[in-house]
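Here is the structure we will look at, set down as structure tokens.
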Amino acid sequence: MNAQLKSTYLYVFTAIVIFSVYAWWVFGVLGVAHFTGPDDLVRIGRAIFSLIVFGYAFEIAVVLGAALLGVKLFKRTAGDFVVDERDRQILYRSLHHSHLVLCTGVFASVGALALGWGAFWAFNVLVLGFLLSVVAELATKLYLYAQGA
């Protein structure tokens, strides 16, 4: 298994953790009622800002820890992390699929606002679009690596 495929599995793990914690925090701990009132947009902004900051911090920590573990424990060298043309093509195709899904999520979020949905639901449609774009990217990568593309 090459380094790109291993990192894809690592990103699957981090995406599951990040979005699960976000959903648990926003819908389970805080609840929808927390995001109503005169300062609802500020609370929504804080929740999404926290998702971005803590999500990337967690992802960076996990990826850095895995890289250091791979170097120290498994004696990996720079040659083990070479990205060839096949890996680049898989990356480009997966990013293309991811961007298509993300644009659909953005349009759905704007459509939700146009239909009169509350800001909380519109922003969470946007977060859902981002989640689905991550799923599309990682699923495309896993599929293409399995096909040997």
Side-chain angles (χ1 to χ4, degrees), residues 1-71 81-149:
M1 184 181 318
N2 70 10
Q4 296 300 317
L5 184 57
K6 287 179 185 177
S7 70
T8 301
Y9 282 118
L10 193 60
Y11 289 126
V12 167
F13 167 73
T14 60
I16 290 170
V17 169
I18 291 167
F19 286 104
S20 296
V21 168
Y22 174 79
W24 169 76
W25 182 255
V26 169
F27 294 103
V29 173
L30 297 177
V32 178
H34 176 76
F35 298 98
T36 58
D39 59 343
D40 59 345
L41 291 177
V42 172
R43 291 180 180 179
I44 294 166
R46 285 182 186 152
I48 293 176
F49 178 78
S50 298
L51 168 69
I52 294 168
V53 170
F54 293 123
Y56 278 123
F58 175 73
E59 187 171 336
I60 289 168
V62 168
V63 170
L64 183 62
L68 291 175
L69 182 69
V71 169
F81 299 101
V82 173
V83 178
D84 60 7
E85 188 61 31
R86 177 179 150 255
D87 292 329
R88 283 190 187 96
Q89 290 302 318
I90 288 174
L91 175 67
Y92 295 147
R93 289 177 71 186
S94 66
L95 286 177
H96 175 73
H97 293 161
S98 173
H99 287 126
L100 289 175
V101 173
L102 183 59
C103 288
T104 303
V106 169
F107 291 137
S109 178
V110 171
L113 283 174
L115 292 173
W117 289 19
F120 172 77
W121 295 110
F123 277 104
N124 279 299
V125 167
L126 186 63
V127 170
L128 179 64
F130 182 68
L131 168 65
L132 294 176
S133 75
V134 170
V135 169
E137 176 189 355
L138 297 175
T140 301
K141 280 183 181 180
L142 292 175
Y143 175 78
L144 291 174
Y145 276 118
Q147 295 298 316

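None of these values were measured; they are calculated from a predicted model.
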Discussion item. Determine whether a donor-acceptor pair (N or O, by modelled atom type, separation under 3.5 Å) exists between the side chain of S98 and the backbone of S94.
Written reply: no
Practice prompt. Please check if the side chain of D84 supplies one atom and the backbone of D87 the other of a donor-acceptor pair under 3.5 Å.
Written response: yes
Worksheet item: What residues, two or more places apart in sequence or in another chain, satisfy side chain to side chain contact (heavy atoms under 4.5 Å, CB included) together with L113?
Response: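 Result, side chain to side chain contact (heavy atoms under 4.5 Å, CB included) vs L113: A122.
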Considering all heavy atoms of both residues, which atom of [X] and which atom of [Y] are nearest to each other, and what is their separation?
| X | Y | result |
| --- | --- | --- |
| L144 | I90 | CB-CG1, 3.9 Å |
| S133 | V101 | N-CG1, 3.6 Å |
| V125 | G105 | CG1-O, 4.2 Å |
| S109 | L126 | OG-CB, 3.8 Å |

Fill in: Geometric class of the F35/F120 ring pair [parallel <30°, tilted 30-60°, perpendicular >60°]
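Ring orientation of F120 relative to F35: parallel.
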Side-chain contact, heavy-atom cut-off 4.5 Å: [X] with [Y]?
| X | Y | answer |
| --- | --- | --- |
| H96 | R93 | no |
| F19 | V127 | yes |
| F130 | L51 | no |
| F54 | V21 | no |
| L41 | F123 | yes |
| T104 | L100 | no |
| Q4 | Y145 | yes |

Got a second to check how far [X]'s [atom1] is from [Y]'s [atom2], nearest 0.5 Å?
| X | Y | atom1 | atom2 | result |
| --- | --- | --- | --- | --- |
| I44 | H34 | CD1 | NE2 | 9.5 Å |
| L142 | L5 | CG | CG | 6.5 Å |
| Y11 | K6 | OH | NZ | 14.5 Å |

Worksheet item: Is the count of non-hydrogen atoms from other residues, nucleotides or ligands lying under 6.0 Å from F58 atom CZ greater than 12?
Response: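 Enclosed.
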Worksheet entry | Non-neighbouring partners of D39 that pass salt bridge (charged side-chain N to carboxylate O under 4.0 Å, His left out), sequence neighbours left out |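 Expected list: R43.
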